[in-house]
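The structure appears right after this line, and notes come after that.
Just so we're on the same page: letters track the sequence lines, and every chain starts at 1.
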Amino acid sequence: MSATTAPAWTKTRQQPGALARLFDNKAFLIIVCLAPAVGLLMTFLTYPLGLGIWLAFTDTTIGRAGIWVGLENFEYLMGDPIFLNSVFYSVFYTAVATVGKFGLGLWLALLLNQHLPMKSLLRAIILLPWIVPTVLSAIAFWWIYDPQFSILSYLSMKMGLTEGPIDFINTAWPARWSLIFANIWRGIPFVAISLLAGLQTISPSLYEAALLDGATPWQRFRHITFPMLMPILAIVMTFSIIFTFTDFQLVYAITRGGPVNSTHLMATLAFQRGIPGGQLGEGAAIAVAMIPFLVFATLFSYFGLARRKWQQGESND
Amino acid sequence: MTEATNSATAAPEMLSWDSKSRRVVMLYVPLACFLLILLFPFYWMGVTAFKPNAELYDFAQHNPFWITSPTLDHIKHLLFNTSYPSWLWTTMLVSIAATFLSLFASTLAAYSIQRLRFRGSQYVGLAIYLAYLVPPSILFIPLATMVVQLGLFDTPFALILTYPTFLVPFCTWLLIGYFKSIPYELEECALIDGASRLQILRQITLPLAIPGLISAGIFSFTLSWNEFIYALAFIQSSENKTVPVAILTELVTGDVYQWGALMAGSLLGSLPVAIFYSFFVDYYVSSLTGAVKE
């Protein structure tokens, strides 16, 4: 038996070809494997990022290469009330929407973490607002906020809460709040489902111990749930802050920055000045002005992660 | 909080009717409110899409929450009087191509970072993670100039090549976590048996990582389908637009908005993602939560 199998064995051990040997070379393989991803990211992410920063210091317009103008764009923007308003609204929008999303999202996560029938179905339904394209749900909100045929106005008039139709997006402050509400609506599912994942990792024995020690529900939340949730909360919050601050779709779809430029976020203003307006340099300057805020948010995430390492020891990588 | 509330309701000094009503007030009522608010826009979208115009703008005679004589007019209008089918087709093409491109690039990258373990691989991983934190809103202006210079303006390739900038970091990150969960011993056995690295990747690691690949693929597909700002900035001609952009720029005409058609378009544009999502909910949730936990 062994005499017949031995020759077959040597045949399969024949030397692989030059190409196969090349692909077994670790250094070569690493380069080949990383090339597509790193190449794509370098070309379409790192380079444009640098190009954007360069453009911010030039007076490029569409169809004309610009020259270096130093800080002129930024100096101009500093005196531009529309830009300053967009900075204010971006910060306000991010702050209020984040508080709203996380408050309600945490509440929803706590509700979902209890014993419920059809839990996975519920979870699937709750994620819907997050997976449906933002612009399409924003258009639905636009229709809900319609000045004449708003269903909410109809309801409130029917119930006698208001005399006439509610003004949702025709004046500055109502429009700002309506957009924030739409953003919170869209953000809740993501926050709730990610925090739910965090809640499920908390060991029940901690709660049992707290119960034996006579802790009240608030104390259990404050001293067990919240600290244990902190690491995930920090990461989810960083993402949420970054993507809320640079939000574009909701505002563009519902108000396009109006009425009278009062709801421009920095991203929509950059778009309006840069692409339809043709002032690429100025648009890039507005986009670059977002970077300090984003760096701040990223540092926030970094310290959140560091805290997790410290809490759970080295083994958790 | 589960255990906390459960044990609280099970505490001996509480009467059973008390805990039950308490549970209704504390759990089911808020949950119902959440569901109502989260789902209402979709209901409203659906109702509007099938409502004839006569009912749409007449709340006095018709109950706005219901349709007395449903109609397919808005959908017919979309399919036959606009280029909606071609928008759908473009969106589908762009999403699928971008998804495959990103999956290919990120599988290889994740494999080399997690399994080939070269010096500095952690830093490459960190750099890719940081790339995810760069939002499209600050990249679209320079990218627009690049797209014009490369001659890609107004072609689907502009989108297929730029979407991976936000897909690759996410997929790589997800797949690194997935590869980590596959026992390294399996690969060592294969190495001892004389398999080459590529054979290991193709015959051992990838088949085991299929759930991870599906998660990453679904996520990429939905993200590409949802993408808006690049599609708005890089595409000009009507027939090359993606659904979200086209609905907003092509269907919104004049001062009187055709809400029926707009809502029908939104509904049709949401359906493919929603159907796709419903098949793979568990993968989707696991990728979402997995990415957060990593």
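The candidate from B:Phe40, B:Tyr132, B:Phe140 with the greatest count of non-hydrogen atom pairs under 4.5 Å with chain A is B:Phe140. Counting heavy-atom pairs closer than 4.5 Å to chain A, the top-ranked of the candidates B:Ile37, B:Leu116, B:Thr162, B:Val243 is B:Leu116. Ranked by non-hydrogen atom pairs under 4.5 Å with chain A, the options B:Val273, B:Leu248, B:Thr222 are led by B:Leu248. Heavy-atom pairs under 4.5 Å with chain B were tallied for A:Phe44, A:Trp107, A:Trp143; the largest tally goes to A:Trp143. Each of A:Gly274, A:Pro129, A:Ala192, A:Ala35 has some count of heavy-atom pairs under 4.5 Å with chain B, and the biggest count is that of A:Pro129. Ranking A:Pro189, A:Cys33, A:Pro36 against chain B, the residue ahead of the rest is A:Cys33, based on heavy-atom pairs under 4.5 Å. For the set B:Ala131, B:Ser106, B:Ser278, the entry with the most heavy-atom pairs within less than 4.5 Å of chain A is B:Ala131. Annotation: maximal heavy-atom pairing with chain B below 4.5 Å, among A:Val288, A:Leu104, A:Thr134, A:Ile224, occurs at A:Leu104. Of the listed residues B:Phe65, B:Phe276, B:Phe42, B:Phe104, the one with more heavy-atom pairs under 4.5 angstrom with chain A than any other is B:Phe42. Of the residues considered (A:Trp130, A:Tyr154, A:Tyr47), A:Tyr154 shows the highest number of contacts with chain B, using heavy-atom pairs under 4.5 Å. Looking only at heavy-atom pairs under 4.5 Å with chain A, the residue among B:Ile128, B:Leu223, B:Val148, B:Leu232 that has the most is B:Leu232.
Residue contact with chain A, scored on non-hydrogen atoms closer than 4.5 Å, is absent for B:Leu271. Residue B:Val245 does not touch chain A at all, counting heavy-atom pairs closer than 4.5 Å. Contact of A:Ile31 with chain B is not made at all, since no heavy-atom distance falls under 4.5 Å. Within the 4.5 angstrom heavy-atom criterion, no atom of B:Phe166 approaches chain A. Using a 4.5 Å cut-off between heavy atoms, A:Arg256 touches chain B through its side chain atoms alone. Residue B:Tyr28 touches chain A through its side chain alone, counting heavy-atom pairs closer than 4.5 Å. Interface residue A:Leu122: only side-chain heavy atoms are found under 4.5 Å from chain B. With a threshold of 4.5 angstrom between heavy atoms, A:Ile188 approaches chain B through side-chain atoms but not through N, CA, C or O. Only the side chain of A:Phe243 comes within contact range of chain B, with at least one heavy atom under 4.5 Å from a heavy atom of that chain. A:Leu41 touches chain B through its side chain: at least one heavy atom from C-beta onward sits under 4.5 Å away, while N, CA, C and O do not. For a residue to count as touching a neighbouring chain, one of its non-hydrogen atoms must lie under 4.5 Å from one of that chain's; by this rule A:Leu49 touches chain B with backbone and side chain alike. Within the 4.5 angstrom heavy-atom criterion, atoms from both the backbone and the side chain of A:Leu111 approach chain B. In this structure, the portion of B:Phe34 lying under 4.5 Å from any heavy atom of chain A is its side chain and not its backbone. Heavy-atom distances place the side chain of B:Leu35, and not its backbone, under 4.5 Å from chain A. Looking at B:Ala144, only its side chain comes within 4.5 Å of chain A, counting heavy atoms on both sides. Heavy atoms of A:Ile139 lying under 4.5 Å from chain B belong to its backbone as well as its side chain. A:Trp54 does not touch chain B: none of its heavy atoms, backbone or side chain, sits under 4.5 Å away. Proximity to chain B (any heavy atom under 4.5 Å) is shown, for A:Leu196, by neither the backbone nor the side chain. For B:Thr145, the part sitting under 4.5 Å from any heavy atom of chain A is the side chain, from C-beta outward, and nothing else. For A:Phe271, the parts lying near chain B are the backbone and the side chain together; criterion is any non-hydrogen pair under 4.5 Å.
Panel note: side chain B:Gln199, backbone B:Leu201; no donor-acceptor pair is recorded below 3.5 Å. Side-chain N or O atoms of A:Thr246 include none that pairs as donor or acceptor with a backbone N or O of B:Pro135 at under 3.5 Å. Under the 3.5 Å distance criterion, the side-chain polar atoms of B:Tyr277 are matched with a main-chain donor or acceptor of A:Ala124. The backbone N or O of A:Phe248 lies less than 3.5 Å from no partner atom in the side chain of A:Thr268, so there is not a single donor-acceptor pair.
Of all the heavy atoms in A:Leu136 and B:Gly269, the pair that sits closest is CD1-C, 3.6 Å. In plain terms, the two heavy atoms of A:Ile131 and B:Ala274 that are nearest each other are CD1-CA, 4.0 Å. When all heavy atoms are compared, the tightest approach of A:Gly198 to A:Thr201 is O-OG1, 2.6 Å. Shown here for B:Met146 and A:Pro48, the closest heavy-atom pair between the two residues is SD-CG, 3.7 Å. Nearest heavy atoms, A:Pro133 versus B:Trp225: CG-CD1, 3.5 Å. Listed here is the closest heavy atom pair of A:Gln249 and B:Asn226: NE2-O, 3.6 Å.
Centroid-to-centroid, the aromatic rings of A:Phe181 and A:Trp185 stay 6.0 Å apart or farther.
Among B:Leu108, B:Thr107, B:Ile113, the one residue that satisfies the side chain to side chain contact (heavy atoms under 4.5 Å, CB included) test with B:Leu175 is B:Thr107.
Contact annotation: the side chain of B:Leu161 never approaches that of B:Leu150 to less than 4.5 Å [non-hydrogen atoms, C-beta and beyond]. A:Ile126 is listed as a side-chain neighbour of B:Leu38, based on a closest heavy-atom distance under 4.5 Å.
Remark: the A:Arg186 side chain and the A:Ser137 side chain contain no N/O donor-acceptor pair separated by less than 3.5 Å. Side-chain N/O atoms of A:Tyr207 and A:Thr225 include a donor and acceptor closer than 3.5 Å.
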TODO: I would like to know whether B:Val124 and A:Leu34 meet side-chain contact (heavy atoms from CB on, under 4.5 Å); could you show each step before the answer?
DONE: CA-CA 9 Å; B:Val124 178; A:Leu34 281 178; 4.2 Å; yes

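The 12-atom threshold is exceeded at CE of A:Met157, counting heavy atoms of other residues, nucleotides or ligands nearer than 6.0 Å.
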